[in-house]
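A short worksheet on the structure shown next.
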Amino acid sequence: MTEFIAMGGYAFYVWTSVAVFFGVLAAEALAPLAQRRRVLSEIRGRLQRRAARAQPPRGEAP
Amino acid sequence: MNILLLWFHKLGSPPTFYRLAGLLLPWCYGIGLVLGLVALYGGLVLAPRDYQQGDAYRIIFVHVPTAWMSLFAYAFMAANAFIALVWHIKLSEILAIASAPIGAAFTLIALVTGALWGKPMWGTWWTWDARLTSELVLLFLYLGVIGLNAAIEDRRQAARAAGFLALVGIVNLPIVHFSVNWWNTLHQGSTVRLMGPSKIDAAMVWPLLLMALATHIWFFGSVLMRARIALLQLEGGKDWVRRVALDEGAGND
Amino acid sequence: MPVFDETHARPALLEARALAFARNDEPIFGPLDFTLSAGEVVLMEGDNGAGKTTLLRVLSGLLAPTSGEIRLHGEPLTLARLSPQVVLLSHQGGLKLELTALENLRFAAGLVGQRKGMSPPSALTAVGLDGYGDVPVRQLSAGQKKRVALARVLLAPVALWLLDEPYANLDRSGIELVNRLLERHAHDGGAALITSHGAYAYTSGAPRRIALHDAQRAAMTLPTGAMA
Amino acid sequence: MPVFDETHARPALLEARALAFARNDEPIFGPLDFTLSAGEVVLMEGDNGAGKTTLLRVLSGLLAPTSGEIRLHGEPLTLARLSPQVVLLSHQGGLKLELTALENLRFAAGLVGQRKGMSPPSALTAVGLDGYGDVPVRQLSAGQKKRVALARVLLAPVALWLLDEPYANLDRSGIELVNRLLERHAHDGGAALITSHGAYAYTSGAPRRIALHDAQRAAMTLPTGAMA
Amino acid sequence: MTPGSTPAACAALLRRDLTLVWRRRGDAFNPLLFALIVVALFPLALGPEPEQLRRIAAGIVFVALLLAGLLALDTLFRSDYEDGSLEQLVLSPHPLSLLLACKIGVHWLTTALPLIVLAPLLGELLHLPGEVRGVLVVALLLATPLLSLIGAVCVALTVGMHRSGMLLALLVLPLYVPILIFGAGACNAAQAGLPSLAPLLWLAAALVLALVLAPLACAAALRISIS
Amino acid sequence: MTPGSTPAACAALLRRDLTLVWRRRGDAFNPLLFALIVVALFPLALGPEPEQLRRIAAGIVFVALLLAGLLALDTLFRSDYEDGSLEQLVLSPHPLSLLLACKIGVHWLTTALPLIVLAPLLGELLHLPGEVRGVLVVALLLATPLLSLIGAVCVALTVGMHRSGMLLALLVLPLYVPILIFGAGACNAAQAGLPSLAPLLWLAAALVLALVLAPLACAAALRISIS
Ligand code: HEM
Ligand SMILES: Nc1ncnc2c1ncn2[C@@H]1O[C@H](COP(=O)(O)OP(=O)(O)OP(=O)(O)O)[C@@H](O)[C@H]1O
Ligand SMILES: Nc1ncnc2c1ncn2[C@@H]1O[C@H](COP(=O)(O)OP(=O)(O)OP(=O)(O)O)[C@@H](O)[C@H]1O
Ligand SMILES: [Mg+2]
Ligand SMILES: [Mg+2]
């Protein structure tokens with residue numbers, strides 16, 4: 001096991017690479033979740049604002 | 001092209017795409033993750049030590065698949081951008097822009113792991129050889145696409161402008177890929193072949209290919225995720241989005 | 001929704017059918033149907049943000065409509081067919097501040113040609129800027145700049161004028177000038193679509209009017225008596 | 001030329017004596033004399049380029065007059081004495097487009113303080129923008145932006161309002177709003193100097209007016225009947 | 001050349017743009033001064049040893065000219081966009097790509113050409129060997145039109161934006177990398193006594209391609225960003 | 001901190017400016033990327049020999065950061081001028097120099113500090129020897145606030161002008177020269193194994209002076225150019 005961890009002396013390079021791999025991909029996967037929540041709450045806010053106001057009639061061409 | 005157009009037309013209806021993507025999404029992330037872990041086990045534990053590079057070569061299992069993905073994602077983005085610009089298909093605009101962040105992420109990983117591999121092998125983190133430089137330029141191109149898309153207010157106009165830039169930047173792809181043949185560089189030439197005999201041990205090849213598969217599947221998961229959000233943004237006023245917003249609003253927060 | 005307007009026997013100069021435009025999925029103006037025939041001046045009214053400017057940009061071909069279609073002489077519009085037939089006066093005016101009024105007009109004439117019997121100096125005279133030809137536009141006041149921009153419109157050899165707020169920045173004599181120019185253009189067989197929002201004084205005869213109200217935006221106007 | 005206006009016994013809020021401003025030796029507005037007392041709203045009229053904006057900037061202390069003097073409560077003006085007592089609404093409005101309406105008002109309140117009994121949300125309500133507090137100003141229409149800028153004026157704890165074209169960009173209900181705000185401010189003992197050029201509809205009672213005509217510029221206006 | 005014909009339109013545009021440059025001819029020196037100052041920064045930052053400067057002279061001149069060109073790019077369509085005359089070009093009945101090619105041509109003539117004339121002097125400041133000077137000028141003559149053409153496409157994409165300066169740099173510089181490699185490569189080869197024709201030929205080929213494609217791309221990009 | 005008091009005004013201004021940076025946090029990376037690309041241009045132009053790059057690394061990093069800072073300067077007062085909030089600052093009842101110092105502080109924090117954090121990486125790309133890295137960072141910590149403060153005075157002078165980008169560069173760069181000489185000088189001394197304290201102390205002294213004088217000068221310049 002310790003031999004496995006040591007990676008023949010290259011532990012730093014190999015494990016950092018693996019960590020970077022997972023780290024960057026995890027961050028990339030989590031970022032949209034926050035964005036999604038923001039977009040949805042924005043849409044809801046807009047809906048609420050619109051609902052709070054009466055809808056006057058639409059003007060038209062002659 | 002006709003089949004492709006038909007396919008887009010069917011899937012192109014935003015609510016359909018949104019629902020379908022929502023169904024596929026967990027599977028993409030799940031399968032991608034499982035295959036990736038298996039491949040990593042194969043690569044880090046099962047594969048034999050390289051007689052030249054020792055255990056350092058094991059970086060190959062993250063470096064090479066992500067490097068391939070950095071190119072694949074760009075090609076996918078440019079192809080979608082082309083379709084979007086020529087046929088004005090909304091879904092292609094969205095797919096093109098959605099693949100930029102994940103492509104940039106893969107490029108970043110390839111650069112960092114390459115540097116981490118280069119230190120023990122070449123004795124330096126970084127040199128200015130053709131492949132390394134062109135891969136760095138690829139990262140800048142991705143960032144340019146993302147930046148341009150973010151800088152324009154109108155979503156569709158932003159997608160078209162960014163897609164246009166992606167198309168202009170596509171000249172860089174062949175440079176990245178063929179740089180090792182065109183210029184003699186420090187970087188390794190092609191060692192893995194799908195057709196014909198590979199130059200390396202089979203016990204090393206299967207984890208590599210499996211990891212490549214896993215990253216592809218993960219890529220599509222991420223693209224679908226981002227495309228869904230972009231659709232919500234783009235169709236903000238439509239009824240189906242309203243329903244989605246109200247449904248998920250009750251559940252989430 | 002689209003109500004086709006089939007009363008005219010010969011095709012109108014410009015015709016909009018169920019024309020709508022949306023930005024980021026927010027409707028800017030709703031489905032509109034109208035025609036513009038030769039000899040007609042149509043005034044488009046609407047509050048701030050009603051979409052007047054946007055409609056003119058759509059009609060001029062700078063923006064593609066989200067839905068509906070525009071017909072020119074009865075045939076669907078393409079930018080190539082359109083551009084020799086229309087002139088757009090937009091907010092910015094399209095004048096180079098470093099050039100003189102005459103240089104600006106000469107450039108416009110070179111770019112799109114000039115109306116028969118008109119020349120840059122005579123267009124300048126027609127907008128009441130006789131003697132200002134050699135003054136750099138930067139030194140003109142806002143109202144005088146507007147007049148130079150109007151001279152460009154006057155000079156263009158086209159039948160269809162799309163004028164965005166031609167009255168803005170003008171004092172009373174300028175407003176009368178615009179009305180005279182419009183009457184004359186209509187009399188010569190041209191047509192014009194002009195915008196103006198409520199607050200501007202409009203003193204002309206009685207042109208046909210189109211009111212632009214987008215439902216969503218109309219909802220955003222002030223309820224009277226909101227003052228605390 | 002300067003005619004001192006000595007009719008008022010107690011010093012006026014603001015007083016201009018033979019005030020003139022020139023740019024590059026070209027007079028922008030001539031020597032002016034006027035006073036502004038508490039409870040008064042004065043409308044300044046003038047054509048384009050007559051110097052209305054410039055006069056307001058001089059009065060606010062942003063520009064130094066070329067000749068003449070400005071007195072505040074009867075004493076000569078310095079910027080340090082002036083700035084806590086005056087608020088200027090200029091063409092640009094001074095709003096940050098990325099911030100919400102409320103954030104903009106909170107910043108203004110932090111910078112210059114706020115009027116007793118007023119707060120950013122209540123100022124927003126007073127200009128009829130209830131419910132728009134959390135919308136980034138970029139998403140508001142031109143008229144709504146103007147209202148936010150007016151809310152900033154309303155919020156500032158100062159007696160003297162200098163408003164440059166407060167009616168521009170507003171629709172009819174907005175114009176009424178401005179008139180109501182002005183009446184109320186005058187009633188509370190404040191004073192306001194506002195500009196508006198001829199073409200804008202002004203529907204208020206009968207405020208005192210100052211007409212601004214610079215001889216040199218007046219010469220540049222259009223001779224009627226110049227149309228060829 | 002009746003008024004309204006395509007040649008007349010191009011002529012009117014050329015005349016107008018040249019007049020504008022002439023009216024503010026003071027500004028024309030700005031890129032020159034900028035390049036001069038940037039080049040002057042290096043001896044200050046690196047120390048004045050002539051041997052070291054000589055070795056890096058060609059590269060630094062190239063980079064300085066590229067940065068100066070980059071800053072100058074901003075003016076290509078900016079004022080036309082702001083005062084609305086870009087709209088008029090788009091709405092004119094002539095091929096937009098041709099009109100834009102005229103504009104890019106004037107821009108190159110008035111910003112890049114003076115820089116090329118200045119280049120030998122800049123080289124001299126950095127002790128550039130005399131025999132490299134010719135190659136440097138030829139490389140610049142081939143490279144700068146390419147920079148202008150490619151830059152124009154990116155400017156067209158960003159023209160409607162506020163504060164686009166930085167963003168423009170980010171879009172443009174990656175695309176400039178190959179040009180820089182070939183152009184500076186030719187100079188370095190000449191300095192090392194190696195043949196420098198091959199990279200120059202590559203540049204020439206790219207220039208021909210860009211002359212055909214860039215105005216079209218520029219027109220398409222402009223149509224996108226003006227809408 | 002009652003509303004309207006001077007501390008409250010400074011706090012409101014700081015909060016507003018930080019919020020604005022946060023709202024467009026994507027833009028915050030632009031100077032970083034720009035510096036990265038500029039640094040990357042040099043190996044491409046000069047050739048990739050590590051030995052040569054190592055020798056000029058510190059100087060190039062300094063110049064790249066200086067140019068990135070220069071481009072970022074433009075945003076310091078520009079948008080405040082355009083939307084009229086600069087007028088409000090001038091008309092506010094608080095010392096203008098204090099308010100401007102707050103603005104400059106936020107600007108330094110959000111543009112220069114990230115660049116300093118990036119500097120070691122840039123050095124690595126150019127094979128900068130490890131022992132110089134520390135000196136480089138210290139020199140930058142002293143030099144960049146100076147650059148921001150001096151730059152702000154020049155920005156204040158040009159703020160009312162159109163197309164000031166180039167002009168600003170021309171005003172600012174000559175003033176930056178002494179800072180560059182001392183800053184890069186310290187790094188070069190460290191690289192040559194010589195003591196590098198003296199130039200750093202000079203920089204520190206200049207920084208103290210600028211911290212006191214620059215906001216005052218900036219306020220005066222702004223009053224001139226806003227009228
Ligand atoms: C920062 C440094 C590095 C970067 C940016 C980089 C980039 C890349 C890229 C873009 C590819 C994909 C090329 C293609 O599919 O056409 C690739 C593949 C590869 N890289 Fe790297 N690399 C770096 C360092 C290294 C190092 C140090 C090694 C090993 C000593 C290495 C070994 C490989 C191998 C074996 C392949 C697969 C080649 C093939 O079969 O196509 N790389 N690298
Ligand atoms: N380039 C743009 N990007 C995003 N939204 C825009 C753009 N131009 C206009 N809008 C929005 O579209 C709506 C309509 O604007 P438009 O300029 O057409 O109104 P208008 O009727 O001309 O108003 P005004 O009377 O103020 O000129 C407004 O809400 C405006 O905010
Ligand atoms: N910054 C400036 N530099 C030079 N001249 C200026 C400047 N600002 C205004 N002017 C000139 O001063 C004169 C008066 O301008 P001002 O803006 O005060 O007029 P105004 O009465 O407000 O006009 P408008 O009705 O168009 O707003 C104009 O001729 C204008 O060209
Ligand atoms: Mg409008
Ligand atoms: Mg004014």
Side-chain angles (χ1 to χ4, degrees), chain C residues 21 23 53-54 56-66 78-100 102-116 118-120 136-138 145 149 152-153 155-158 160 162 164, chain E residues 1-28 75-100 102-103 106 110 156 159-160 219-227:
Chain C
F21 186 82
R23 247 183 227 282
T53 301
T54 310
L56 288 190
R57 291 173 73 84
V58 169
L59 290 177
S60 72
L62 280 175
L63 294 178
T66 311
T78 62
L79 193 56
R81 288 197 52 242
L82 172 70
S83 45
Q85 310 194 35
V86 71
V87 60
L88 174 71
L89 173 74
S90 56
H91 277 298
Q92 296 103 339
L95 301 174
K96 284 282 162 203
L97 300 183
E98 281 82 14
L99 299 184
T100 66
L102 264 183
E103 283 168 335
N104 268 298
L105 291 181
R106 285 212 197 93
F107 168 65
L111 196 61
V112 301
Q114 60 191 37
R115 188 177 287 262
K116 250 205 329 262
M118 271 275 178
S119 68
V137 171
R138 182 182 295 289
K145 280 181 198 137
R152 181 178 67 77
V153 171
L155 191 59
V158 301
L160 185 55
L162 301 176
D164 197 8
Chain E
M1 294 234 307
T2 54
S5 71
T6 300
C10 290
L13 187 59
L14 288 173
R15 190 169 339 109
R16 186 196 69 160
D17 276 11
L18 287 171
T19 314
L20 282 172
V21 172
W22 180 246
R23 290 279 149 85
R24 51 170 72 145
R25 49 194 175 279
D27 288 10
T75 60
L76 182 49
F77 298 132
R78 162 83 26 146
S79 71
D80 275 4
Y81 175 77
E82 280 168 0
D83 63 23
S85 41
L86 205 52
E87 258 172 44
Q88 288 176 29
L89 292 190
V90 174
L91 285 181
S92 87
H94 311 293
L96 182 58
S97 53
L98 194 63
L99 297 175
L100 293 181
C102 292
K103 278 196 76 69
V106 172
T110 53
V159 75
L222 208 57
R223 286 233 168 77
I224 290 175
S225 63
I226 213 173
S227 71

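Reckoned from all heavy atoms, side chains included, excluding hydrogens, waters and symmetry mates. What you are looking at is a predicted structure, and each value in this text was computed from that prediction instead of being measured. Per chain, numbering begins at 1; letters A, B, ... match sequence-line order.
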Residue list, side-chain contact (heavy atoms from CB on, under 4.5 Å) with C:L97, at least two apart or on another chain: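 Checked C:L97 against side-chain contact (heavy atoms from CB on, under 4.5 Å); matches are C:V137, C:R138, C:K145.
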Best-contacting candidate, C:N104, C:L88, C:L99, against chain E by heavy atom pairs under 4.5 angstrom: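 Answer, by heavy-atom pair count under 4.5 Å with chain E: C:L99.
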Euclidean distance, C:Q92 CD relative to E:D80 CG, rounded to 0.5 Å: 11.5 Å
Interatomic distance, C:L63 atom CG to E:R223 atom CZ [nearest 0.5 angstrom]: 12.5 Å
Close side-chain approach of C:L111 to E:L13, heavy-atom, < 4.5 Å: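 They are not in side-chain contact.
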Non-hydrogen side-chain atoms of C:R106 and E:R15 separated by less than 4.5 Å: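 Not in contact.
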Side-chain donor-acceptor contact under 3.5 Å, E:E87 with C:S90: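 Result is yes, a qualifying pair exists.
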Under 4.5 Å from any heavy atom of chain E - which part of C:L95: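 Contact with chain E: backbone only.
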Which atoms form the tightest heavy-atom contact between [X] and [Y], and what is the distance?
{"X": "E:A12", "Y": "C:G110", "answer": "CB-CA, 3.9 Å"}
{"X": "C:R57", "Y": "E:I226", "answer": "NH2-O, 3.5 Å"}
{"X": "E:R23", "Y": "C:T100", "answer": "NH1-N, 4.2 Å"}

